[in-house]
Amino acid sequence: MADFKLSAQLVGHDADVRNVCFPTPDVVFSAARDCTVRAWKRTATSPPTFEPSLTTQGSEFCNSLAYIPPSSDYSDGLVVSAGTDTIIDVRRATSTPSDNAERLLIGHARNVCALAVIPGGRQIVSGSWDKTARIWSLQKWETEAILSGHEEAVWDVLPLDETTIATASADKNIRIYDLRTSVAGQVEPRSTIYTTEVVRALCKVPRGHPSGADFASASNDGVIRLWKLTGQQVGELLGHESFIYALATLPSGELVSSGEDRTVRIWRGFDCVQTITHPAISVWTVSACQETGDIVSGASDGVIRIFSRSPERLASPDTLAQFDESVKSSSIPQQQVGGINKEKLPGPDFLTTKSGTKEGQVQMIREENGSVTAHQWSMGQQQWINVGTVVDAVGSSGRKVEYNGQSYDYVFDVAIEEGQPSLKLPYNLSENPYTRAQKFIDDNELSQNFLDQVAQFIVANTQGATIGQNSGDSGGPNPYGTESRNQPADDAGRSRAKILPQREYLYITAAKFEPIFKKILSINSALVAAGRKEYSLNPPAQVALETARQRLEAGEPVLDEGTISLIVMMCTRWDYSNRLAPLDLLRCVATSPAAVKFKSDDFGSLLQISVSAALDDVPPGGQPNENCVMMAARTIANLFKPTEGRKLIAQPSEALRAASFIDRVLGIGGQTPIGPFNRNLLIALTTAMVNMAVLASREPGSITANVQIRLLTALARILQAQTDGEVAFRALVAAGTLITAIGKFAPEARSLSSSITSSKDRVSESRVKEMADECLALLR
């Protein structure tokens, strides 16, 4: 089968094209962040040319699009669009902005980011940042049902048939709904497929696909996963190098995808058979014409591109050459390709002497002038294709980064809100950071509260500072992990950016698995030698643990309930003196949804298991082991990673158990404190407290007022007693975030003032003093 080649480039939008629709060979519809929906009608066939017309002109971003085929009432069909104004606009396909819409559908509370027509043509389904999907009647023009259950934005909706809808969400779940089970206009999910990544896109998988899958999903990790409706994963498509934003099905039975790695990719069976690199930063959307098999993409450069396999529908030779040259001359920010050691890169001779091993493989080449170029292997052409030059973030190479047709020294990815896409922040060194920050806020319709934070982000990142990188070695693993987004602040930006309220959860997942498992097997050998086989690990159990180790080392969740039960058995049934290694393993698996769902008949939830294992069965006259208690605190912190863990801790009994554990460690209530000078324990404890504060702030009502008050009391104890900068800093982040949740006029919040001031006076580090000032400012 021939490769796709450029058929036409449609230029007219002034900003990112976020959605495209290709219902017939003669028309393309597009929605963009220039607040317009446009229709592109074909005026010539060889080479194809298209004439644009405005369909909708609004005042807010257009992000989603669908087309309702012609009917007796609407001979040209209907265009459905929506975006950040939350209103779904339904109008005739031949409409202009001066025409009235046929209907305006109102119901969603936030950005509407997905639209689809349900088979039969009598309903449409929408997905929104308000965490719901809605079914709309095209006869009554009103909401027929609300699909609930998601805890974050619903990124995509997929009608599988007239009564079955699949939804994809930032909460990392795919939910399947049966519309026939609607009760009082509400539909609960029939089933839920739990994944490990934010799910951004869905599409049907054609019958006859070798996987036997019913549908596919695409995620932030660059993986397309193939699913049966039962929830069984039957395959993965690997090739994308960053977020995947869109999926579609071709009439040939192939799949097509697009993403943040600048590419559209064609998938036949389990293989990527073609990679089409774009001269843009993001390819937001892709769609297929089911009549011709041609595909259309929309990208961050505002250009719509049509690709075809038919020689009759290819662009002119000049247009094809221009497209190839624009890809070749693209600037690729080095942050997109990771660290590059120029000295070890091959020279240009590599391109003529070595072949690639798979479609889309990228090879960096050190050119004779010292620059680094990226080349992509084309299996169809059997050659390396130049796809751009790698440039530094700032001009050691003197090169600029292209964005929206202009050149900049930087184009940053800025994540404003969890589960939502990064926004592009372009910046030139000659600009005033605050002027650029204000434009960024205006362009993206953000709260004015972000002004200082965005401006200081620019300052920090254009002075050679690296967000999230500590200046010194702490002598141990970074308790925040390796991703800077997990950190509430950083050395480089301490005095620059507002932190409160903290919005991200923090995890302590770094581990050395070799000594953990070595210790477990050593203890097990001793149990066998002592004849205590009821609590020892038989060979199958050891194999299960080894499988768990492999999954953890690969960064994958532990899914087997039997393995989780083994770990719990070691934590609760082994002698107290032997529990540290199993508890260390328990806090690593606490990030797995399957572990969060585990419940012991004797000990309860995973939170209760970790606390009981750390505090119970202490030998008479002894004290709880500080390191076991630290592992329990780390387990509680890590429970916040999966959505199921946050739901668990939002249960009043579980939150109360966590608060009681914190009180016990600190000696609140008259008992002897545990590890009052153990820095690692206190960092783990304050990390768990930060997460509880974030949950209270992000989801009002999730943590009861009683528990919030107990947390404030515990934080006051820490701030009054601790002089370690890291412990004090995290305690202040937790305290400030709780103040924003409980309210500055609450007596318990105002009583923190003296403890915060005490910490500011006791700790010399500037970041602690500045965080204390930020907390005190909240109380004014």
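Side chains included, hydrogens not; waters and symmetry mates left out as well; all remaining heavy atoms used.
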Requested in this report: State whether Glu162 and Arg122 are salt-bridged, where the test is any N-O pair (Lys NZ or Arg NE/NH1/NH2 against Asp/Glu carboxylate O) under 4.0 Å.
Outcome: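 Arg122 and Glu162: salt-bridged.
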Requested in this report: Would you mind checking if Glu151 and Arg646 are paired as a salt bridge, meaning a charged N to carboxylate O distance below 4.0 Å?
Outcome: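 Salt bridge absent between Arg646 and Glu151.
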So, for [X] and [Y], which heavy atoms are closest and what is the spacing to 0.1 Å?
X	Y	result
Glu236	Phe270	O-CD2, 4.2 Å
Glu504	Gln502	O-NE2, 3.0 Å
Ala633	Ala684	CB-CB, 3.8 Å
Ala594	Val558	CB-O, 3.6 Å

Requested in this report: Give the ring-plane orientation class for Trp129 versus Trp155, where under 30° counts as parallel, over 60° as perpendicular and anything between as tilted.
Outcome: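 It falls in the perpendicular class, over 60°.
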**Report entry** Gap between atom NZ of Lys204 and atom NE2 of His209 - 0.5 Å precision
**Finding:**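 Taking NE2 in His209 and NZ in Lys204, the distance rounds to 15.5 Å.
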Query raised in the report: What is the distance from atom CE of Met689 to atom CD1 of Ile662, rounded to the nearest 0.5 Å?
Result: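 Here the interatomic distance stands at 5.0 Å.
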Donor-acceptor pairs under 3.5 angstrom involving side-chain atoms of residues 701-708: please list them, not counting sequence neighbours.
| residue | atom | partner | partner atom | Å |
| --- | --- | --- | --- | --- |
| Ser702 | OG | Leu695 | O | 3.0 |
| Ser702 | OG | Glu699 | O | 2.6 |
| Thr704 | OG1 | Val707 | N | 3.3 |
| Gln708 | NE2 | Ile703 | O | 2.9 |

Query - Listed partners of Asp34 passing salt bridge (Lys or Arg N to Asp or Glu O under 4.0 Å), at least two apart - result: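 Checked Asp34 against salt bridge (Lys or Arg N to Asp or Glu O under 4.0 Å); matches are Arg38.
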**Report entry** Contacts of type side-chain contact (heavy atoms from CB on, under 4.5 Å), residue Asn220, not counting sequence neighbours
**Finding:**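 Residues passing side-chain contact (heavy atoms from CB on, under 4.5 Å) with Asn220: Glu197, Val198, Arg200, Phe243.
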**Report entry** By side-chain contact (heavy atoms from CB on, under 4.5 Å) - contacts of Ala637 (at least two apart)
**Finding:**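 With sequence neighbours excluded, Ala637 shows a side-chain contact (heavy atoms from CB on, under 4.5 Å) to Thr687, Ala688, Asn691, given in chain and number order.
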Report task. Just jot down the ring-ring contact (aromatic ring centres under 6.0 Å, His included) partners of His278, sequence neighbours excluded, or say none. Result ->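 Applying ring-ring contact (aromatic ring centres under 6.0 Å, His included) to His278 gives Phe307.
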Query raised in the report: Taking only residues two or more places apart in sequence, or in another chain, which ones meet Tyr194 in a ring-ring contact (aromatic ring centres under 6.0 Å, His included)?
Result: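 Tyr194: no ring-ring contact (aromatic ring centres under 6.0 Å, His included) contacts found.
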